[in-house]
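Contents: one structure, followed by commentary.
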Amino acid sequence: AICTGSSTGLTATGAVDYTWSPATNLSATTGATVTANPTSTITYTVTGTDANGCINTASKTVTVNALPAVSAGSGVAICTGSSTGLTATGAVTYSWSPATNLSATTGATVTANPTSTITYTVTGTDANGCINTASKTVTVNSLPAVSAGSDVAICTGSSTGFTATGAVTYSWSPATNLS
């Protein structure tokens, strides 16, 4: 058995001359050893002829296993200093890279706490040993440069206005004596 996109060597013994069929995705149709790179499961037959001219055949089935459908989901955006979970599906075992700011490099779920935008790649291996990869970009957005203006002094019983800048929405605290 092989994985989609892989090849395997086929070797015949017991004769002098060998002919392989069908020729589909074989490196050659003659010789004791050929390389098969089929795209789907196929049975190859080798016909061997010995020094006396006697002929016999043997068959070899090459099973082609599909690659696992590994997924890491779509990209995600976080703020500087935050973390996010990365979860892979579609295989049995997983390996993440680069290891930069990851809680682990193996496992279906890891935590990423990057300091800048980065693309992580997960390599998944299924029960047949077939391997596939997926990627997920974690975009790291800078924190807003929020300002409340300069400090002010007021007299008892007076009021003053505050104006914040640098973000889209604002929340003031403590709420005591605020409009």
Side-chain angles (χ1 to χ4, degrees), residues 1-9 24-27 35-42 61-179:
I2 62 171
C3 302
T4 298
S6 297
S7 62
T8 186
T24 308
N25 298 307
L26 285 180
S27 61
T35 300
N37 186 18
T39 57
S40 61
T41 299
I42 188 169
T61 298
V62 178
T63 302
V64 180
N65 294 312
L67 300 179
V70 176
S71 174
S74 56
V76 64
I78 62 172
C79 296
T80 299
S82 298
S83 62
T84 186
L86 305 178
T87 301
T89 60
V92 176
T93 62
Y94 303 93
S95 175
W96 295 85
S97 67
T100 307
N101 297 310
L102 287 179
S103 61
T105 56
T106 59
T109 301
V110 297
T111 300
N113 186 15
T115 56
S116 61
T117 298
I118 188 169
T119 299
Y120 291 103
T121 300
V122 61
T123 301
T125 305
D126 68 10
N128 295 317
C130 296
I131 297 171
N132 208 352
T133 62
S135 296
K136 183 168 189 165
T137 298
V138 178
T139 302
V140 179
N141 295 316
S142 300
L143 298 178
V146 176
S147 173
S150 300
D151 290 345
V152 295
I154 62 171
C155 297
T156 301
S158 299
S159 64
T160 188
F162 296 118
T163 302
T165 60
V168 177
T169 61
Y170 304 92
S171 175
W172 294 84
S173 66
T176 306
N177 297 318
L178 289 178
S179 60

- request: Would you name the heavy atoms of Asn101 and Thr115 that are closest together and state the gap between them?
  value: ND2-N, 3.8 Å

message: So which atom in Thr139 and which in Thr117 form the shortest heavy-atom distance, rounded to 0.1 Å?
response: CA-OG1, 3.5 Å

Val70 and Thr89, any side-chain heavy atoms less than 4.5 Å apart: no

- prompt: Quick one: does Val122's side chain get under 4.5 Å of Lys136's, heavy atoms only?
  reply: no

query: Would you say the side chain of Val138 lies within less than 4.5 Å of the side chain of Ile78, judging by non-hydrogen atoms?
result: yes

query: How many angstroms lie between atom CG of Asn132 and atom CG of Asp126, to the nearest 0.5 angstrom?
result: 9.5 Å

- prompt: Of all residues at least two apart in sequence or in a different chain, which pass the ring pair (Phe, Tyr, Trp, His ring centres under 6.0 Å) check with Tyr170?
  reply: none

- prompt: What's the verdict on side-chain hydrogen bond (donor to acceptor under 3.5 Å, both in side chains) for Thr123 and Thr133, showing C-alpha distance, side-chain angles and the deciding distance?
  reply: CA-CA 4 Å; Thr123 301; Thr133 62; 5.7 Å; no

Side-chain heavy atoms of Thr35 within contact of Thr8, under 4.5 Å: no

Pairs satisfying disulfide bond (SG atoms under 2.5 Å apart), at least one member in residues 97-179, at least two apart: Cys3-Cys130

- prompt: Got Ser147 and Thr163 here, is their nearest side-chain heavy-atom distance under 4.5 Å?
  reply: no

- prompt: Which residues satisfy the side chain to side chain contact (heavy atoms under 4.5 Å, CB included) test with Leu102, sequence neighbours excluded?
  reply: Leu86, Trp96, Val110, Ala112, Tyr120

message: Under a 3.5 Å cutoff, is there a donor and acceptor pairing between the side chains of Thr87 and Thr109?
response: yes

N/O donor-acceptor pair under 3.5 Å between Thr80 side chain and Asn141 backbone: yes

- prompt: At their closest point, which heavy atom of Gly90 faces which heavy atom of Pro68, and how far apart are they?
  reply: O-CB, 3.3 Å

task: Could you walk me through whether Ile2 and Asn65 pass side-chain contact (heavy atoms from CB on, under 4.5 Å), step by step?
output: CA-CA 6 Å; Ile2 62 171; Asn65 294 312; over 6 Å; no

field: Inter-residue atom distance Thr121.OG1 - Ile118.CD1, 0.5 Å rounding
entry: 9.5 Å

